[in-house]
Amino acid sequence: MAVSRFGVSLETDLLEALDKYVRENNFPNRSQAIRQLIERNLIEKKWQCNHIVAGAVTLVYDHHKRELGCRMMEIQHDYYKEILAVQHFHLSSDTCLEIIAVKGQAHRLTELADKLITLKGVWHGKLVMSRSDDIID
Ligand code: NI
């Protein structure tokens, strides 16, 4: 296969981390290490899309944004097949924490999380997914 060359700009600390990675894994050079990192990432994406995974969406949001609660509920109803349970904590008079346990195709879970996390009034949001071989759909 033809090989193309390209330049990469990295911050000093990232470059140091890369060189450490090269040494620790006995790569002959940086190119080999970067190639392996990219391939690994692509493989991970592939299985994520095609496999059933389990995980959680964590959201921290503004309690006073009234329409936010309604919008969140609507989105969650669109994904009722993926949502296992929702736990809501009132963190303070202003702040809510919601943890949504999910299971389903990784691309559906990513879609759901993206819709929730990008809502106005959501301060922080994160989706964590785990492949679990004992999960039978
Ligand atoms: Ni609350």
Side-chain angles (χ1 to χ4, degrees):
M1 196 178 283
V3 174
S4 303
R5 294 179 65 89
F6 68 101
V8 179
S9 305
L10 285 179
E11 286 80 7
T12 314
D13 53 344
L14 265 185
L15 185 60
E16 283 169 5
L18 176 64
D19 286 338
K20 190 170 173 238
Y21 186 78
V22 168
R23 278 195 309 275
E24 284 175 357
N25 294 279
N26 300 314
F27 286 110
N29 51 51
R30 289 172 180 161
S31 289
Q32 290 287 347
I34 291 171
R35 184 175 301 139
Q36 191 237 44
L37 286 169
I38 293 170
E39 278 170 0
R40 194 183 284 176
N41 187 273
L42 290 176
I43 287 165
E44 198 165 299
K45 280 234 159 57
K46 226 177 249 174
W47 78 247
Q48 279 186 352
C49 289
N50 298 328
H51 282 75
I52 300 293
V53 293
V57 186
T58 305
L59 301 164
V60 175
Y61 61 91
D62 184 352
H63 164 69
H64 298 294
K65 278 238 178 285
R66 294 275 165 212
E67 70 282 11
L68 179 59
C70 289
R71 194 65 202 106
M72 256 183 199
M73 204 61 80
E74 272 172 40
I75 295 169
Q76 291 188 25
H77 274 273
D78 291 339
Y79 291 84
Y80 73 90
K81 284 183 181 165
E82 281 81 14
I83 294 176
L84 301 170
V86 181
Q87 204 162 17
H88 185 102
F89 303 89
H90 311 300
L91 288 185
S92 71
S93 54
D94 306 315
T95 312
C96 297
L97 164 67
E98 204 154 286
I99 299 170
I100 307 168
V102 286
K103 182 188 138 188
Q105 280 190 302
H107 73 94
R108 283 279 294 171
L109 304 187
T110 307
E111 220 175 73
L112 166 65
D114 287 345
K115 284 182 184 175
L116 292 169
I117 291 164
T118 53
L119 286 174
K120 210 171 170 209
V122 174
W123 292 322
H124 303 286
K126 199 169 171 60
L127 165 67
V128 178
M129 290 192 285
S130 310
R131 182 176 184 176
S132 181
D133 289 327
D134 56 17
I135 292 174
I136 296 158
D137 194 33

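Just the heavy atoms: all of them, side chains too, but no hydrogens, waters or symmetry mates, feed the values below. Counting starts at 1 for both ligands and their atoms, in listed order.
- Residues Leu127 and Leu116 form no side-chain contact, since every pair of their non-hydrogen atoms from C-beta on lies 4.5 Å or further apart.
- Here the closest non-hydrogen pair linking His88 and Cys96 is NE2-SG, 3.4 Å.
- Contact check for Glu98 versus Gln76: side-chain heavy atoms found under the 4.5 Å cut-off.
- Put simply, the side chain of Tyr79 does not reach to within 4.5 Å of the side chain of Leu109, judged on heavy atoms.
- Residues Val22 and Asn29 are not in side-chain contact: their nearest non-hydrogen atoms beyond the backbone lie 4.5 Å or more apart.
- Contact check for Leu119 versus Ile75: side-chain heavy atoms found under the 4.5 Å cut-off.
- Only protein N, O or S atoms were considered, and those under 2.8 Å from the Ni ion (ligand 1) are His88 NE2, His90 ND1, Cys96 SG.
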